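Reading through the structure tokens given below for one structure.
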Amino acid sequence: MALNRRSFLGASAAATGALSAPYVLAEGSGKPRVLVIGGGAGGATAARYIAKDSDGAIDVTLVEPSRTYFSCFFSNLYLGGLKTIDDIGHTYGTLAANHGINVVHDWAVGVDGAAKTVTLAGGAVLPYDKLILAPGIDFVEGSVPGWDVSAQNKMPHAYKAGSQSELLKAQIAAMPEGGTYAMVAPPNPYRCPPGPYERVSMVAHVLKASNPTAKILIADPKPKFSKMALFEEGWTNHYPGMIDWIGEDFGGGVVSVDPDRMVLTIDGEETKVDACNVIPAMKAGRIAELAGVSEGNWAPVNAADMSSKADPDIYVLGDASQQGDMPKSGFSANSQAKVCANAVRGALTGSRVFPAKFANTCWSLIAENDGVKVGATYEPTEEKIARVDGFISQTGETIDIRKATFEESESWYDAITADMFS
């Protein structure tokens, strides 16, 4: 939705008021109510921090349809046989038991911003004073001709971890000797993890051991991708001759699929494939559009607190937000959630609000104990979350450095999941 003068002035006035006085409850009595939609790295973190740091002063409800959260981060390592499905699965019981969060397993299907209510698929209508949306991504219809979600069991996306990850793993294991695994890579911007090029690396890791004459074909609409030199060096070192990347300049952006025939067509040339991982273009989860806070494919937010530019009482975290320079990663969502939680708690209780600071690191595993990373720190400006400085692994690093990078990622996984669920 396009922002108009009225919504802009309303957002500005609300932001100014939040700095000077506690939020006035919609109904004038009882504890303030925060409703969080989505239980991933953004939503679960925000719910936990608001409940924990308010010490019971705020009523927090988390709406998440899945009873078990399978993390997108490390889901590629599950495909590569380095983690089990249980390793990346987490439940929500501790949030309720330790922090008093009301966890509701249902789909949010409507938002009434004027009445400040959310409607669930089961029929319940939940009121809120502040609403936090962390719905992750949905796919742009028609972005890969021949594919839609009805084809996801034949050509899985595996971009929402869990059953899709298990299906793709089974299809890779069932490939015939010397068969072809194909990936249709997504255009920018896309959720990462699960990074497509780490995924290729982990598929190659499995095939090298079980099906060494197999081939991997990547059809990519982009002329280059993040950490490209590092991945290409790793593929040459670990999987020589196995991976063929076809970028935009060679027709990688002119792609269609036929799931019934298991055919990938690149720039008019058909290739029969044995497993095909289609990762379409992405957009904010549907609830952002239903809430009226999306503009195009994403939901614009104010950088200082992640509040929606369309509604000052709605916040959008993680993949769904249009915030500036931060990538759409689990680390980013977790970082944004802490800033948002602090701002929401301050608005509702008058507690101190600290200046926003953001950080992100994205690790990728190329082969066992061969990890690389890229990251940065960020700060809010009037226009966006802006990158301050950054770092990236270098080509030619020693085995010890790469192993240490992978071990760092494992420590981060333990830390972020504890930050979300403990």
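Throughout, numbering of the chain's residues begins at 1 and tracks the sequence. None of the values given here were measured: they were computed from a predicted structure.
The backbone N or O of Val263 sits nowhere less than 3.5 Å from a side-chain atom of Asp258 that would complete a donor-acceptor pair. The backbone N or O of Pro176 lies less than 3.5 Å from a partner atom in the side chain of Asn211, making a donor-acceptor pair. No donor-acceptor pair closer than 3.5 Å links the side chain of Asp313 to the backbone N or O of Lys130. Without hydrogens or angle criteria, Arg48 side chain to Ser422 main chain gives a donor-acceptor distance under 3.5 Å. Asp106 places a side-chain N or O within 3.5 Å of a backbone atom of Gly122 that can act as its donor or acceptor partner. No donor-acceptor distance shorter than 3.5 angstrom exists from the side chain of Glu198 to the backbone of Gly195, with no hydrogens or angles considered. Although no hydrogens or angles enter the test, the distance criterion places no donor-acceptor pair under 3.5 Å between the side chain of Ser393 and the main chain of Val372. The closest donor-acceptor contact from the side chain of Thr213 to the backbone of Gly178 lies under 3.5 Å. In this structure a side-chain-to-backbone donor-acceptor pair under 3.5 Å is present from Gln394 to Ile392. Between the Gln322 side chain and the Ala299 main chain, no donor and acceptor come within less than 3.5 Å of each other.
Side-chain atoms of Thr84 and Asp86 form no donor-acceptor pair, as typed in the model, at a separation below 3.5 Å. If you check the side chains of Thr377 and Asp389, you find a donor sitting under 3.5 Å from an acceptor. In the model, Thr361 has no side-chain atom that pairs as donor or acceptor with a side-chain atom of Trp412 under 3.5 Å. There is a side-chain donor-acceptor pair under 3.5 Å between Ser364 and Lys227. A donor atom on one side chain and an acceptor atom on the other are found under 3.5 Å apart for Asn277 and Tyr181. Using modelled atom types and a 3.5 Å distance limit, the side chains of Tyr49 and Asp419 yield a donor-acceptor pair. Side-chain contact check for Ser329 and Arg191: no donor-acceptor pair (N or O, by modelled atom type) lies under 3.5 Å. Judged by distance alone, the side chains of Ser307 and Asn302 do bring a donor and an acceptor atom under 3.5 Å apart.
In this structure, the separation between CD1 on Ile243 and OH on Tyr197 is 12.0 Å, given to the nearest 0.5 Å. Between Asn188 atom CG and Lys224 atom NZ the span is 10.0 Å, to the nearest 0.5 Å. Atom CG of residue Asn369 and atom CD1 of residue Ile366 lie 12.5 Å apart, to the nearest 0.5 angstrom. Between the OG atom of Ser308 and the OH atom of Tyr315 there is a distance of 10.5 Å, given to the nearest 0.5 Å.
Looking at Gln336, Gln323, Arg387 one by one, the single match for side chain to side chain contact (heavy atoms under 4.5 Å, CB included) with Tyr378 turns out to be Arg387. The one candidate from Ile50, Val36, Val60 that meets the side chain to side chain contact (heavy atoms under 4.5 Å, CB included) condition with Val344 is Ile50. Screening Thr61, Ile314, Leu131 for a side chain to side chain contact (heavy atoms under 4.5 Å, CB included) with Ile37, the sole residue that qualifies is Leu131. The residue from Ile137, Asn297, Asp319 that alone fulfils the side chain to side chain contact (heavy atoms under 4.5 Å, CB included) condition with Lys283 is Asn297.
For Glu410 and Lys83, the salt-bridge test passes: some basic side-chain N is under 4.0 Å from an acidic carboxylate O. With salt bridges taken as basic N to acidic carboxylate O contacts below 4.0 Å, none links Glu248 and Lys222. The pair Glu233-Arg402 meets the salt-bridge criterion, with a side-chain N (NZ, NE, NH1 or NH2) lying under 4.0 Å from an Asp/Glu carboxylate O. Salt-bridge annotation for Lys116 and Asp311: absent, with no side-chain N of the basic residue lying under 4.0 Å from a carboxylate O of the acidic one. Between Lys384 and Asp325 there is a salt bridge, with a side-chain nitrogen of the basic residue lying less than 4.0 Å from a carboxylate oxygen of the acidic one. Look at Glu379 and Lys357 and you find no salt bridge, because none of the NZ, NE, NH1 or NH2 atoms lies under 4.0 Å from a carboxylate O. Residues Arg286 and Asp138 are not paired through a salt bridge, judged by the lack of any N-O separation under 4.0 Å between the basic side chain and the carboxylate.
The aromatic ring centres of Tyr159 and Phe139 sit 6.0 Å or more apart.
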Between His238 and Asp370, is a side-chain contact (heavy atoms from CB on, under 4.5 Å) present by the stated rule, with each step listed? CA-CA 10 Å; His238 297 290; Asp370 188 353; 2.7 Å; yes
Show, in sequence, the C-alpha distance, side-chain angles and deciding distance for Phe225 and Trp245, and conclude whether the ring-ring contact (aromatic ring centres under 6.0 Å, His included) test is met. CA-CA 11 Å; Phe225 54 86; Trp245 178 79; 5.7 Å; yes
Salt bridge (Lys or Arg N to Asp or Glu O under 4.0 Å), that's the test. Do Glu270 and Arg261 meet it? Break it down for me. CA-CA 11 Å; Glu270 290 190 353; Arg261 295 194 298 134; 3.0 Å; yes
Taking it one step at a time, do Asp244 and Lys215 satisfy salt bridge (Lys or Arg N to Asp or Glu O under 4.0 Å)? CA-CA 8 Å; Asp244 187 10; Lys215 298 295 182 182; over 6 Å; no
side-chain contact (heavy atoms from CB on, under 4.5 Å) between Glu64 and Val103, intermediate numbers included: CA-CA 7 Å; Glu64 164 56 49; Val103 181; 5.6 Å; no
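Residues Ala337 and Ala41 come closest through the heavy atom pair CB-O, 4.4 Å. Looking at every heavy atom in both residues, His157 comes nearest to Ile279 through O-CG1, 4.1 Å. Contact between Phe421 and Gly39 at its shortest, heavy atoms only, is CZ-O, 4.2 Å. Residues Trp147 and Pro280 share a closest heavy-atom pair of CZ3-CG, 3.4 Å. Between Ile101 and Ala51, the shortest heavy-atom distance links the atoms CG1-CB, 3.7 Å. Closest approach of Leu133 and Ala288 over heavy atoms only: CD1-CA, 4.1 Å.
Taking Tyr413 as the reference, Phe73, Phe74, His90 meet the ring-ring contact (aromatic ring centres under 6.0 Å, His included) condition, with sequence neighbours excluded.
For the pair Lys328 and Trp298, the cation-pi test (distance below 6.0 Å, angle within 45°) is passed.
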